[in-house]
Amino acid sequence: MVDILSGDNIIYPTSVQLQTIPKLMRGHNVLCAAETGTGKTLTYLLPVIHRLKGELDADEFRDAAPRTGCVVLVPSRELAEQVKYVAKAFCDPLGMTVKVVGGGKGVGNIMLAFAGGPPDILVATPGALLKALRRRCVAMDELSFFVVDEADTLFDPSFAGMLGDILAQTHVASKPSETQGPGRRAQLMVVGATFPGGVGDVLAQVTDLGSVVTVTSKMLHFLMPHVKQTFLKVRGEDKLPELRQALETAERGGSAVLVFCNRASTVNWLGYMLEDLGVAHARIQGEMPAAVRAGVFRSFQKGLVNVLLCSDVASRGLDTCRARLVVNYDFPESQADYIHRAGRVGRAGGEVGGAVLSFVTHPWDVELVQAIETAARRRSSLPSMESAIRRSAPQEGADGSS
Ligand SMILES: Nc1ncnc2c1ncn2[C@@H]1O[C@H](COP(=O)(O)OP(=O)(O)OP(=O)(O)O)[C@@H](O)[C@H]1O
């Protein structure tokens, strides 16, 4: 595993990895709240793969029937493919299997993922996982790990019902000793860059909250100091010319750009406008089939297109070191959306910082802009982003402080 990491130029752990990986290795349930782009995916994948490989090789499991050892739950198919890609780099050489079941595919496709037997790691979106559970393709009560990635989205009311159904079928450990040997219970890992209220209440239904170690990074809810934040007050009709100018400047500098709109319809409209102006681009929005979105994101990653117009479906978790500029064509409706969009640039392992350019058109955006501007200037955390977990589980700072 170390060879694969160094091949990717990953030599030293990030602060979040340094604090969280040992706790997972010791069998604790962990809630990890750390800013965007700090390497949270490897934070959980490395201990998961290490332990599953150990179980596969252990004498006490030799006669056990094959089973899925870890389910990673993510909100979108793109993110599922991304996690699978990272996991496969480690699992393939170890002879372990990783499969995805995601939205936008029929039941036949979901069954196909299990045709070769249960994968060691299953990366799933909630709807697809529930379908797989109904067909008994995977047994949540036999897992060694259950990971909830992008927790703020998955604990949002739009997913909370499904998440509750899934958690109810998962046998979550309440202490590290329960995670060992045949009959073990699953270790729970909940990961996010922002946390909504109510997370503690949901977790309390499936495990002893006292058993959940919380790791929060010192920079949680801070704006990245190496990402320049610019706010441009413009009239609605001036947004398109301003965008065009920003795209031209980015093109001259060889930067790829993510342009965020608040609605799918605006993404489509803006796409037609840029088409008229002869600006090459691609689009991702939530009303497109998930498989199409995944294909579009792949073309962006490969450098086939440098401008990606997107709705917030692309703001959560997608890892690209290509983007140097994020444009908020529409000002985001919440601080959490701002943090996630801004987090697409200046990510761990990237060589340079990045910039966020936000168009501010409406008087009602001003209050949010002022809060963000002040936080960026003072290098303080964004207000009103407090975590429910902070109040409901034992704390441990990423600097090691308790
Ligand atoms: N220790 C490390 N050193 C250098 N680069 C790293 C390290 N760990 C992870 N990375 C790289 O950092 C990038 C961001 O990682 P990742 O996508 O896991 O971030 P994240 O914290 O999950 O972000 P988000 O909150 O946006 O989902 C990836 O390209 C990854 O390969």
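This chain uses plain numbering: 1 for the first residue, then up along the sequence. Since the model is a prediction, treat every value here as computed from it, not as a measurement. Read the numbers this way: they start at 1 and go in the same order the structure lists the ligands and their atoms.
- Atom CD of Glu178 sits in a crowded spot, with more than 12 heavy atoms from other residues, nucleotides or ligands closer than 6.0 Å.
- There is no side-chain donor-acceptor pair under 3.5 Å between Tyr44 and Gln187.
- The cationic group of Arg283 lies under 6.0 Å from the six-membered ring centre of Tyr272 and within 45° of the ring axis, placing it in a cation-pi geometry.
- Within the 4.5 Å cutoff, no side-chain heavy atoms of Val148 are placed close to those of Val191.
- Note that Lys99 lies outside the cation-pi zone of Phe114, set by a 6.0 Å cut-off to the ring centre and a 45° limit from the axis.
- Per-residue contacts place Tyr12 under 4.0 angstrom from the following atoms of ligand 1 (heavy atoms of the residue considered): 1 (N), 2 (C), 3 (N).
- Using a non-hydrogen distance threshold of 4.0 Å, Gly343 does not register as a contact of ligand 1.
- Around OH of Tyr85, the count of heavy atoms belonging to other residues, nucleotides or ligands within 6.0 Å does not exceed 12.
- Under a 4.0 Å criterion applied to the non-hydrogen atoms of Thr38, ligand 1 contributes the atoms 19 (O), 20 (P), 21 (O).
- The closest non-hydrogen atom to atom 31 (O) of ligand 1, taken over Ile10, Val74, Asp8, Leu46, comes from Ile10.
- Across Cys32, Ala34, Gly39, Gly192, heavy-atom proximity to atom 9 (C) of ligand 1 is greatest for Gly39.
- Using a 4.0 Å cut-off to heavy atoms of Arg344, the atoms of ligand 1 that qualify are 26 (O).
- With ligand atoms numbered from 1 in the order given, ligand 1 contributes 1 (N) to contacts under 4.0 Å with heavy atoms of Pro13.
- A donor-acceptor pair shorter than 3.5 Å cannot be found between the side chains of Thr179 and Arg185.
- Ranked by closest heavy atom to atom 27 (O) of ligand 1, the top entry among Gln82, Glu150, Gln17, Lys40 is Glu150.
- Of all the atoms in ligand 1, the ones that sit under 4.0 Å from a non-hydrogen atom of Thr41 are 16 (P), 17 (O), 18 (O), 22 (O).
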